[in-house]
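Taking it in order: structure first as structure tokens, then the write-up.
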Amino acid sequence: MSRIFPLVSVYPSRDRAKLAKEYFYHRVINSLLHLKNSAVSTLNRANFSLEHLVAPKSVGSLNPELFYLHDKLLRSMRASDALIVNQTLDQLMTLKNCTAENMYPIISSIEESDWEKFIIDEAVLSLKEDLNKQAVLMPITESEQLHHEQEEIKKALRTIKNLFGDMYDEISELLAHIRLFSGRLTMGLTDVRMFGCMFIRLPRPGVDRQLYYIEHICHEVSHMYLNAVMSIDPIVLNDREKIYKSPLRSDSRAMIGVFHATFVTSRIVQMFDRLGKSGFTDEIGVYLSQQLAELKNGIIEIGRYATLTKQGGILLEEIQDIYWDAEKGGYWKNFDFSIERNHRFLGKGEEPVPA
């Protein structure tokens, strides 16, 4: 099958990422403008312009708070909460786009802003409801530690750029902020309510920092891309109340979650296949063998139970191609599959294999 498709593909490209980003962004902006005008009229407030937010020059100038405020305004208007609607309008009036820094995403610690606390609270609540486990996400308070992790992430980004240029181009289109945290259970997340931003937990002791950051960056950016694409085409048509076996989590998920997990894993496999070809090590083999097992599980579950659009069917075929290409990699002759190994993210901590 051709690896060039005009709308959506598991094979990254700058053009597809740009198309998906712009479509998603303008859907949110159009919705926000409609909500703002309706709220201003209902509350008899003086109108104000959001022109400065409508056409950012690059993803680096996007403010993740914009997407949070859109969601907050929508929820408060649905609840007829005039106080929160007014507060949200005040926040929108003073909101500014960010300033891009250098060639990298802005890498910093999570902070105490309203939008970050909201995303964190939502993530903690979700894990509590799904697994009855208490996640913890805390800021990085030591400047020396933060600087060290920033340099590690920059190094990981350079590796992605050198080995998987198309993936790096997609990252450049979609990723504005990486926020680091310490804690437990949750290792990484992104959300349409903070589009352009990802949270990544510091790796445990004993975990290869470069492989860890490479995987998580590719993972979360692929979620961003697929979220944006799904604003164009729904991809998955299954009832969201029905749940299926997840390839990455111990709990069952709606098919849209299974598809997301399988899609992002196919991107990670593409990256680690390139790492294996550039210089195979046993550690890379551990990562890639486990990723392939997860990818296979996702393919099986989707193949059995998913109802997909035409675009979704094309994606599944591409995902299957990626699995077979990596499964046949010549580097496996140097890897001993008979050795029992821990999960790649377990490290030396006491926490069980992450959900």
Side-chain angles (χ1 to χ4, degrees), residues 1-30 53-64 66-67 97-98 100-106 156-178 190-192 194-198 214-236 259-260 262-275 308-322 325-326:
M1 169 171 291
S2 170
R3 296 192 177 189
I4 300 174
F5 194 78
L7 179 61
V8 56
S9 175
V10 297
Y11 301 105
S13 82
R14 183 182 294 275
D15 289 344
R16 278 189 287 265
K18 183 177 181 180
L19 173 68
K21 176 190 70 176
E22 290 179 350
Y23 192 93
F24 173 79
Y25 179 74
H26 287 296
R27 276 194 63 172
V28 172
I29 283 292
N30 289 336
L53 299 173
V54 171
K57 293 182 180 179
S58 70
V59 70
S61 65
L62 284 180
N63 189 337
L66 171 71
F67 305 96
N97 276 323
C98 300
E101 294 184 0
N102 303 323
M103 62 178 292
Y104 295 108
I106 299 170
L157 286 165
R158 288 194 293 270
T159 299
I160 296 170
K161 183 177 183 180
N162 291 336
L163 296 181
F164 198 1
D166 289 337
M167 186 77 245
Y168 184 82
D169 287 344
E170 181 170 295
I171 291 168
S172 299
E173 280 293 329
L174 299 178
L175 180 61
H177 300 268
I178 296 176
T190 189
D191 193 299
V192 293
M194 61 169 195
F195 191 74
C197 179
M198 67 172 65
I214 288 169
E215 172 157 356
H216 279 76
I217 291 168
C218 292
H219 180 127
E220 300 301 342
V221 166
S222 295
H223 276 308
M224 290 181 194
Y225 170 71
L226 189 56
N227 279 329
V229 162
M230 284 180 166
S231 71
I232 305 172
D233 185 298
I235 307 296
V236 178
F259 195 92
H260 255 277
T262 306
F263 179 91
V264 303
T265 303
S266 75
R267 297 298 202 73
I268 295 165
V269 165
Q270 290 179 69
M271 179 66 224
F272 276 75
D273 175 65
R274 285 162 171 78
L275 284 167
L308 306 175
T309 64
K310 181 179 178 180
Q311 298 290 339
I314 291 169
L315 290 178
L316 180 57
E317 290 180 14
E318 291 182 340
I319 290 170
Q320 291 168 329
D321 289 343
I322 289 165
D325 286 347

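Excluded from the calculations below are hydrogen atoms, water molecules and symmetry mates; all remaining heavy atoms, backbone and side chain alike, are included.
By the 4.5 Å heavy-atom criterion applied to side chains, Gln270 and Asp325 are not counted as neighbours. A heavy-atom distance below 4.5 Å is found between the side chains of Leu316 and Leu308. Side-chain contact between Phe67 and Cys197: absent, with no pair of heavy atoms (C-beta onward) separated by less than 4.5 Å. Between Leu315 and Gln311 there is no side-chain heavy-atom pair separated by less than 4.5 Å. Using a 4.5 Å cut-off on side-chain heavy atoms (C-beta onward), Val221 and Met167 make contact. The shortest distance between side-chain heavy atoms of Leu226 and Val264 does not fall below 4.5 Å. In this structure the side chain of Val192 reaches within 4.5 angstrom of the side chain of Phe24, judged on heavy atoms. Side-chain contact between His223 and Met198: absent, with no pair of heavy atoms (C-beta onward) separated by less than 4.5 Å.
Here Thr309 contributes atom OG1 and Ile314 contributes atom CD1; the two are 8.0 Å apart, rounded to the nearest 0.5 Å. Ile217 contributes atom CD1, which lies 9.5 Å from atom OG1 of Thr159 (distance to the nearest 0.5 angstrom). Annotation: the span from Asp233 atom CG to Tyr23 atom OH amounts to 10.0 Å, rounded to 0.5 Å. Distance check: Ile232 CD1 to Glu22 CD gives 10.0 Å after rounding to the nearest 0.5 Å. Atoms NE2 and NE2, from His260 and His219 in turn, are 9.5 Å apart once rounded to the nearest 0.5 Å. The CD1 atom of Ile322 sits 11.5 Å away from atom OG1 of Thr262, with the distance rounded to the nearest 0.5 Å.
The ring-ring contact (aromatic ring centres under 6.0 Å, His included) test applied to Phe272 returns Tyr287, not counting sequence neighbours. Taking Arg27 as the reference, nothing meets the salt bridge (charged side-chain N to carboxylate O under 4.0 Å, His left out) condition, with sequence neighbours excluded. When the salt bridge (charged side-chain N to carboxylate O under 4.0 Å, His left out) test is applied to Glu215, the partners found at least two apart in sequence or on another chain are Arg344.
Considering every non-hydrogen atom in both Ala17 and Leu174, the closest pair reads O-CD2, 3.9 Å. Minimum heavy-atom separation, Val229 to Ala20: CG2-CB, 3.9 Å. The shortest non-hydrogen separation linking Leu175 to His177 is CD1-O, 3.2 Å. Taking all atoms of both residues into account, the shortest heavy-atom contact from Met224 to Phe195 is O-CE1, 3.7 Å. Minimum interatomic distance between Ile268 and Cys218 (heavy atoms only, all atoms of both residues): CG1-CB, 4.3 Å. Contact record, Gly312 with Ile235: CA-CG2, 3.7 Å, taken as the closest heavy-atom pair.
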Inset, instruction - I would like to know whether Ile29 and Leu66 meet side chain to side chain contact (heavy atoms under 4.5 Å, CB included); could you show each step before the answer? - result: CA-CA 9 Å; Ile29 283 292; Leu66 171 71; 4.1 Å; yes
Inset, instruction - Under the side chain to side chain contact (heavy atoms under 4.5 Å, CB included) rule, what do Phe164 and Ile214 come out as? Steps first, then yes or no, please. - result: CA-CA 11 Å; Phe164 198 1; Ile214 288 169; over 6 Å; no
Legend entry - Evaluation steps, side chain to side chain contact (heavy atoms under 4.5 Å, CB included), between Val236 and Met230: CA-CA 9 Å; Val236 178; Met230 284 180 166; 4.2 Å; yes
Inset, instruction - Any chance you could lay out the side chain to side chain contact (heavy atoms under 4.5 Å, CB included) test for Val8 and Tyr225, step after step, and finish with the verdict? - result: CA-CA 9 Å; Val8 56; Tyr225 170 71; 3.7 Å; yes
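A donor-acceptor pair is defined here as one N or O able to donate and one able to accept, closer than 3.5 Å; such a pair exists between the side chain of Arg267 and the backbone of Val10. No side-chain donor-acceptor contact under 3.5 Å links Asp273 to the backbone of Val269.
Residues Arg14 and Glu173 are paired through a salt bridge, judged by an N-O separation under 4.0 Å between the basic side chain and the carboxylate.
For the 3.5 Å distance criterion, the side chains of Glu318 and Ser266 fail to qualify, holding no donor opposite an acceptor.
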